[in-house]
Amino acid sequence: MNLKHLHLHVRDRPASEAFYEAWFGMTIARRGGSLTFMTDDEGFDLALMDDDEPGPMPAWFHFGYRLATPQAVLDLHQRMSRAGVPIRKPLFEDESLVSFRCADLDDYSIEIYWEAPGAPLD
């Protein structure tokens with residue numbers, strides 16, 4: 001059993017679709033009148049539902065995209081920073097973790113990270 005689905009409420013669905021497509025390689029699998037399912041190469045589904053006023057998430061809430069290499073995280077951080085994507089948590093880099101957090105168009109926090117196999121939690 002694998003966790004394979006995240007459902008978000010968004011103010012501007014076409015803009016959110018473009019954001020997740022451009023930055024995270026998601027593609028539209030199905031699009032209805034008020035809901036879009038996007039997917040990635042590994043079959044993860046991201047549902048985006050129209051909502052004029054999505055409720056705020058707790059400050060600690062985030063979801064993440066794991067990248068294959070530390071350099072991939074560094075490169076994406078640089079591209080997002082140059083493009084003006086809000087960076088929520090600055091770039092962190094050590095031998096076992098490279099990460100940062102950005103915000104999407106609806107202010108959801110997204111962690112982008114690479115983690116070494118067996119990396120310590122503290």
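Heavy-atom basis, side chains included; hydrogens, waters and symmetry copies ignored. Since this is a predicted model, take the numbers as computed values, not measurements.
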Peer 1: Does any N or O in the side chain of Arg30 come within less than 3.5 Å of the main-chain N or O of Leu35, such that one atom is a donor and the other an acceptor?
Peer 2: no
Peer 1: What pair of heavy atoms forms the shortest contact from Asp94 to Val98, and how long is it?
Peer 2: O-CG2, 4.2 Å
Peer 1: Report yes if the side chains of Asp12 and Leu105 come closer than 4.5 Å at any heavy-atom pair, otherwise no.
Peer 2: no
Peer 1: Would you mind reporting whether Leu74 and Glu93 have side-chain heavy atoms less than 4.5 Å apart?
Peer 2: yes
Peer 1: Among Asp50, Asp51, Leu48, which residue satisfies the side-chain contact (heavy atoms from CB on, under 4.5 Å) criterion with Ser34?
Peer 2: Asp50
Peer 1: Does any N or O in the side chain of Arg13 come within less than 3.5 Å of the main-chain N or O of Met49, such that one atom is a donor and the other an acceptor?
Peer 2: no
Peer 1: How long is the gap from CE on Met80 to CG on Leu91, to the nearest 0.5 Å?
Peer 2: 12.5 Å
Peer 1: Answer yes or no: is there a side-chain heavy-atom contact under 4.5 Å between Leu67 and Tyr113?
Peer 2: no
Peer 1: Distance from Ser81 atom OG to Gln78 atom CD, nearest 0.5 Å?
Peer 2: 8.0 Å
Peer 1: With a 4.5 Å cut-off on side-chain heavy-atom distances among I, L, V, M, F, W and Y, is there a chain of contacts connecting Phe63 to Leu97?
Peer 2: no
Peer 1: Does CZ belonging to Arg66 count more than 12 external heavy atoms closer than 6.0 Å?
Peer 2: no
Peer 1: Report the distance from atom CD of Glu17 to atom CE of Met26, rounding to the nearest 0.5 Å.
Peer 2: 11.0 Å
Peer 1: Would a 4.5 Å heavy-atom cut-off, applied to side chains only, mark Lys89 and Phe100 as touching?
Peer 2: no
Peer 1: Any side-chain heavy atom of His9 within less than 4.5 Å of one from Tyr108?
Peer 2: yes
Peer 1: What's the shortest heavy-atom distance between Phe19 and Ala103, and which atoms?
Peer 2: CZ-O, 4.0 Å
Peer 1: A side-chain contact here means heavy atoms from C-beta on lying under 4.5 Å apart; do Met38 and Ser16 qualify?
Peer 2: no
Peer 1: Would you mind reporting whether Tyr20 and Val10 have side-chain heavy atoms less than 4.5 Å apart?
Peer 2: no
Peer 1: Any chain of hydrophobic side-chain contacts (each under 4.5 Å) joining Phe92 to Trp60?
Peer 2: no
Peer 1: For the CG atom of Asp40 and the CZ atom of Phe24, what is their distance to the nearest 0.5 Å?
Peer 2: 11.5 Å
Peer 1: Working to the nearest 0.5 angstrom, can you tell me the gap between Lys4 NZ and Glu42 CD?
Peer 2: 6.0 Å
Peer 1: Looking only at heavy atoms, which two atoms of Glu111 and His62 are closest? And how far apart?
Peer 2: OE1-NE2, 3.1 Å
Peer 1: Is the side chain of Ser99 donor-acceptor paired with the backbone N or O of Ile112 at a distance under 3.5 Å, no angle test?
Peer 2: no
Peer 1: State plainly whether one hydrophobic cluster holds both Phe44 and Tyr65, where clusters connect Ile, Leu, Val, Met, Phe, Trp and Tyr through side-chain heavy atoms under 4.5 angstrom apart.
Peer 2: yes
Peer 1: Just so I know, are the side chains of Trp23 and Ile110 near enough to count as touching, which here means a heavy-atom distance under 4.5 Å?
Peer 2: no
Peer 1: Give me the atom names and distance for the closest heavy-atom approach of Trp114 to Val73.
Peer 2: N-CG2, 3.6 Å
